[in-house]
Structures are given as structure tokens and as C-alpha cells.
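Below is one structure, written out as C-alpha cells; comments come after it.
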Amino acid sequence: MSKISEDEMSEFRDAFTFFDRIGDGKIDSDQVEDVLRAMGLNPLGTDLKQVREDFKDKRVEFEEWLGVYTQFKSKPEPVREDFIEGFKCYDRDGTGTIDGASLRGLLCLRGDSRLTDDEANELLAPVEDTQKESVV
């Protein structure tokens, strides 16, 4: 990862301080992922497992949090092809589409950020038909 600029460092410190409930320059361990998300990252629960273990039941200093941020920031972002490859296991007939029920199940029943039925309805309404949903 490239060097963090002074402006970025100031922004990170401001965000970190915002989450400091006590005023001791630290955040609770369960807030680490909240601060990461506030700074534009979207770490997965599986990626956070080790972080949760490392900081379990302790207050985390800014420098410790910055190390975690740097670690997650250096991970490559998924690209469109990664998502298409992931959907292929639901394309049973090899047509490049998946059925709406499978997509709805993925959105509502799997992953770290599950949607409610209402959220899935809102998201899928413009593209859902009675047939299948395209994955490309």
C-alpha cells in the first residue's frame, strides 16, 4: 500500500476519535470493524475473525487499528469476473442465468450482510421476472 498522506491520517484520527466513547484515545474491540467501514472498507466476517481474537475484550489504540486498516486496505478488491464466477454454481443449465429464488436465497440467507425480505424485494423488483435472473 502506498504511504498514508497527512490528510488521510488526519481523517483516520478524526474517525477513530469519533468512536472513542471514553476519551482515552482507544476504541472498544467490537468497534474496530465499524471504524474500518466508516473509512470505506468492507471487511468480511471471515477476515475479521483473527482481528476479533487478537483484540478480544480490550481497548484498541489508534496505531493498532491503523495496522488493521493497512492490512485490509492492501487486499485486492474483487472484480466483476470474481462475482460472475461465484454465480456460476447456481447456473445449473449453463445459460448465464440463475433463478430468482436462488438469488433471493443468496441475498437473504447467506453471507455477513444479509438482506431482509423487504430489502431483497426492493433490490430485485426492477430486474426480476417470472423466469430467471441474468448473472452477467
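All residue numbers refer to positions in the sequence shown, counting from 1.
- Every residue two or more places apart in sequence or in another chain was checked for a side chain to side chain donor-acceptor pair (under 3.5 Å) with Glu11, and none qualifies.
- Among residues two or more places apart in sequence or in another chain, the salt bridge (Lys or Arg N to Asp or Glu O under 4.0 Å) test is passed with Asp28 by Arg21, Arg59.
- Pairing each heavy atom of Phe62 with each of Phe16, the nearest pair is N-CZ, 3.4 Å.
- A heavy-atom distance below 4.5 Å is found between the side chains of Leu41 and Lys73.
- Of the possible donor and acceptor atoms, none in the side chain of Arg114 sits under 3.5 Å from a partner among the backbone N and O of Leu106.
- By the side chain to side chain donor-acceptor pair (under 3.5 Å) test, Asn121 pairs with Arg104, sequence neighbours left out.
- Closest approach of Asp91 to Gly96, counting heavy atoms only: OD2-N, 2.7 Å.
- You'll find the side chain of Leu36 stays beyond 4.5 Å of the side chain of Asn42, heavy atoms only.
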Give the intermediate values and the outcome of side chain to side chain contact (heavy atoms under 4.5 Å, CB included) for residues Phe72 and Met39.
CA-CA 11 Å; Phe72 282 102; Met39 298 315 305; over 6 Å; no
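- With sequence neighbours excluded, no residue satisfies side chain to side chain contact (heavy atoms under 4.5 Å, CB included) with Leu109.
- Leu123 contributes atom CG, which lies 12.5 Å from atom CG of Asp118 (distance to the nearest 0.5 angstrom).
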Given the rule in the side chain to side chain contact (heavy atoms under 4.5 Å, CB included) test, do Leu107 and Leu124 qualify, once you have shown the distances and angles that lead to the verdict?
CA-CA 10 Å; Leu107 295 171; Leu124 296 176; 4.0 Å; yes
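- Remark: Glu85 pairs with Lys88 by the side chain to side chain contact (heavy atoms under 4.5 Å, CB included) rule, at least two apart or across chains.
- Atom CD of Glu119 has more than 12 neighbouring heavy atoms from other residues, nucleotides or ligands inside a 6.0 Å radius.
- Taking every heavy atom of both residues into account, Cys108 and Asp117 meet most closely at SG-OD1, 3.8 Å.
- Residues Phe12 and Leu66 share a closest heavy-atom pair of CD1-CD1, 3.8 Å.
- Side-chain polar atoms of Ser5 and Asp7 form no donor-acceptor pair below 3.5 angstrom.
- Remark: Glu53 CD is packed, more than 12 non-hydrogen atoms of other residues, nucleotides or ligands lying under 6.0 Å away.
- With sequence neighbours excluded, the residues satisfying salt bridge (Lys or Arg N to Asp or Glu O under 4.0 Å) with Glu63 are Arg13.
- In terms of the side chain to side chain contact (heavy atoms under 4.5 Å, CB included) criterion, residue partners of Glu64 (sequence neighbours excluded) are, by chain and number, Phe55, Lys58, Val60, Glu61.
- Listed by chain and residue number, nothing satisfies the salt bridge (Lys or Arg N to Asp or Glu O under 4.0 Å) test with Asp57 (two or more places apart in sequence, or in another chain).
- Residues passing the side chain to side chain contact (heavy atoms under 4.5 Å, CB included) test with Phe19, sequence neighbours excluded: Ile27, Gln31, Asp34, Val35, Ala38.
- Between Phe87 and Leu103 there is a side-chain heavy-atom pair separated by less than 4.5 Å.
- Partners of Ser102 by side chain to side chain donor-acceptor pair (under 3.5 Å), not counting sequence neighbours, listed by chain and number: Asp99.
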